[in-house]
Number of protein chains: 2
Amino acid sequence: MDVGRIVDTALQLIDEVGIQALTLRMLAEALDSGTATLYRHFDGKDELLALVADRVLGEVRVPAEELDGLSWREAVTVSAKAFYGTLCRHPNVLPLLAAQVPVGPNGLRARERLITLFLSHGFPLGLAARAFTAIGHYVIGFSIQQHGPGTPPPEEQSQLRDYYNALDPASYPATTAAAEELTSVPLDEEFRFGLDLLLDGLEKAMLDAA
Amino acid sequence: MDVGRIVDTALQLIDEVGIQALTLRMLAEALDSGTATLYRHFDGKDELLALVADRVLGEVRVPAEELDGLSWREAVTVSAKAFYGTLCRHPNVLPLLAAQVPVGPNGLRARERLITLFLSHGFPLGLAARAFTAIGHYVIGFSIQQHGPGTPPPEEQSQLRDYYNALDPASYPATTAAAEELTSVPLDEEFRFGLDLLLDGLEKAMLDAA
DNA sequence: ACCTGAACACCGTTCAAGT
DNA sequence: ACCTGAACACCGTTCAAGT
């Protein structure tokens with residue numbers, strides 16, 4: 001039994017039941033083993049979870065050919081969407097990615113690629129570094145807010161709308177007026193909206209720097 | 001013993017030891033009580049944590065007078081900085097705020113106020129709603145990334161720089177080149193940078209809509 | 001009627017005993 | 001030398017017994 005299979009199984013279980021509900025006993029049983037055996041392959045639950053987080057980051061696939069010939073703006077959009085898509089496939093893993101700066105091998109590779117992308121399009125080093133950080137924050141922040149109170153996404157959206165609509169309009173005139181807008185916009189579209197805000201800002205920063 | 005005192009004490013303990021390390025026994029002892037007694041005031045640890053999260057949101061104070069006469073851009077900046085400042089005082093609470101859409105009374109009030117701010121400056125309803133979401137995502141996402149691997153902020157920044165610098169420059173040329181930029185920029189400045197990107201984008205969206 | 005000590009089922013982790 | 005059953009300390013939660 002190698003670490004890869006343990007991490008794969010842990011990710012599968014987390015996708016099904018969440019981080020909170022994953023227990024080492026459950027994981028051991030799924031691997032036809034015992035909890036004590038697991039400890040021979042990693043140092044504790046926290047380290048295992050870090051491996052799972054990096055495993056998910058490794059799932060983000062942006063073939064270099066796909067970015068060839070694109071403007072930096074298009075290339076960043078493709079990359080951010082790929083990242084976002086992967087996070088949406090593993091919503092239960094999001095708290096792990098948000099809780100700390102990812103420094104596993106796959107996290108480092110992703111960081112390296114995006115900073116290189118900015119540099120290759122003439123961004124000054126400082127702007128490239130901060131652009132990377134801002135976009136990373138945005139994608140993770142957006143994804144984590146989206147997959148909120150545990151319930152499945154479609155249910156949740158309409159539940160949230162019901163909640164907003166049930167509020168007293170006298171106390172919350174703006175929130176109730178915007179209830180439809182806050183919850184009915186397709187999430188992909190809302191993701192694009194915020195991303196475009198950031199890209200508009202970066203475009204302006206590049207013009208100002210030139 | 002009222003719920004307010006329980007939540008205040010829980011927040012104090014979380015500020016000191018973190019969410020993971022807070023136990024109901026510890027909380028009960030700090031209140032000179034027993035765990036069973038706590039359950040008469042809330043339904044379980046999760047509900048208590050939701051109360052703590054909303055308690056923190058209630059700490060964000062932006063007096064209406066302070067926003068009088070400001071442009072929407074200035075007013076949003078003041079509000080976002082106040083929010084950010086409060087989150088920095090309670091970094092251990094961040095995972096709670098990121099894990100779900102805050103629907104407690106203080107969360108609702110904050111949402112209402114910011115959407116109203118946009119509306120009062122002529123933003124269309126849809127743009128106001130999405131601007132609120134984008135900025136909320138950004139502030140929480142930025143804050144949560146900033147307070148990463150458990151270690152205190154100053155240590156962490158230099159630790160992270162050492163980590164980046166120790167990488168093989170042949171494998172990670174961009175990351176090592178940007179190591180200084182990634183970790184040495186004052187955090188407040190970096191926060192402002194990303195926020196300004198968003199505000200630039202919103203300004204453009206307003207011009208396009210007009 | 002209200003409160004709570006003590007117990008319950010279960011967790012992450014460890015280690016002495018097995019092979 | 002390697003593996004692991006069984007135990008340890010402790011968790012969130014519950015309830016029957018006290019006041």
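To find a chain, count down the sequence lines: A is the first, B the second, and so on, and within it residues start at 1.
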S.K.: Whole-Å distance between C:dC3 P and B:I6 CD1?
M.R.: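 So the two atoms are 11 Å apart, to the nearest Å.
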S.K.: CZ of A:F123 to CG of A:L127: how many Å apart, nearest 0.5 Å?
M.R.: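 Reported value, rounded in 0.5 Å steps: 5.5 Å.
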S.K.: Whole Å only: how far is the CG atom of B:L27 from the C1' atom of D:dG12?
M.R.: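 Taking atom C1' of D:dG12 as the reference, CG of B:L27 is at 13 Å.
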S.K.: Can you tell me how far C1' of C:dT14 sits from CG of A:D43, to the nearest Å?
M.R.: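 Distance, rounded to whole Å: 13 Å.
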S.K.: Is there a side-chain contact between A:R40 and the phosphate of D:dC3, meaning an N or O under 4.0 Å from OP1 or OP2?
M.R.: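 Affirmative; the distance criterion is met.
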S.K.: Atom CG of B:L24 and atom P of C:dA9: how far apart are they, to the nearest Å?
M.R.: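 Result: 19 Å.
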S.K.: Whole angstroms only, please: what is the CE-P distance between B:M26 and D:dG12?
M.R.: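 Going from CE in B:M26 over to P in D:dG12 covers 9 Å.
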S.K.: At 4.0 Å (heavy atoms only), tell me whether B:L22 reaches a base, stays on the sugar-phosphate, or touches nothing.
M.R.: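 The answer is sugar-phosphate, as B:L22 gets under 4.0 Å only of primed atoms, P, OP1 or OP2.
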S.K.: Could you please name the option among D:dT4, D:dT13, D:dA6 that lies closest to any side-chain atom of A:T35?
M.R.: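 Shortest atom-to-atom distance from the side chain points to D:dA6.
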S.K.: Over how many whole Å does the gap from B:L48 atom CG to D:dG12 atom C1' extend?
M.R.: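 Those two atoms, CG and C1', are 12 Å apart.
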S.K.: Can you tell if the side chain of A:R130 reaches within under 4.5 Å of the side chain of B:E189, non-hydrogen atoms only?
M.R.: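 When only atoms from C-beta onward are counted, B:E189 and A:R130 do touch, with a gap below 4.5 Å.
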S.K.: With a 4.0 Å cutoff (strictly under), does any side-chain N or O of B:T37 reach OP1 or OP2 of C:dT4?
M.R.: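 So the side-chain polar atoms of B:T37 do come within 4.0 Å of the phosphate oxygens OP1 or OP2 of C:dT4, strictly under.
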S.K.: Of all the choices, D:dG12, C:dG12, D:dT14, which nucleotide is nearest to the side chain of A:T23 once you look at every atom?
M.R.: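 So the side chain of A:T23 is nearest to C:dG12.
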S.K.: Choose from C:dT13, C:dG5, D:dT4 the nucleotide whose nearest atom is closest to any side-chain atom of B:A36.
M.R.: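 Of the options given, the side chain of B:A36 lies nearest C:dG5.
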S.K.: To the nearest Å, how far apart are A:L49 CG and C:dG12 P?
M.R.: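 Atom-to-atom, A:L49 to C:dG12, this comes out as 10 Å.
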S.K.: Are there more than 12 heavy atoms of other residues, nucleotides or ligands under 6.0 Å from atom NZ of A:K81?
M.R.: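 Open.
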S.K.: Between A:R25 and C:dC10, is there a side-chain N or O to OP1/OP2 distance below 4.0 Å?
M.R.: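 Result: no.
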S.K.: Salt bridge or not between A:D200 and A:R73? Use side-chain N to carboxylate O under 4.0 Å.
M.R.: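 Salt bridge present between A:D200 and A:R73.
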S.K.: Only pairs with both distances under 3.5 Å count, Watson-Crick or wobble alike; so what is the partner of D:dC8 in this structure?
M.R.: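 Looking at the geometry, D:dC8 pairs with C:dG12.
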S.K.: Tell me whether the rings of B:F118 and B:W72 are parallel (<30°), tilted (30 to 60°) or perpendicular (>60°).
M.R.: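 Tilted: the ring planes of B:F118 and B:W72 meet at 30° to 60°.
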S.K.: For D:dG18, give the paired nucleotide (Watson-Crick: N1-N3 plus N6-O4 or O6-N4; G-U: N1-O2 and O6-N3; both under 3.5 Å), or none.
M.R.: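 Its partner is C:dC2 (Watson-Crick or G-U wobble, both distances under 3.5 Å).
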S.K.: Figure out the NZ/C1' separation between B:K45 and D:dC11, and round it to whole Å.
M.R.: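 Roughly 8 Å, once rounded to whole Å.
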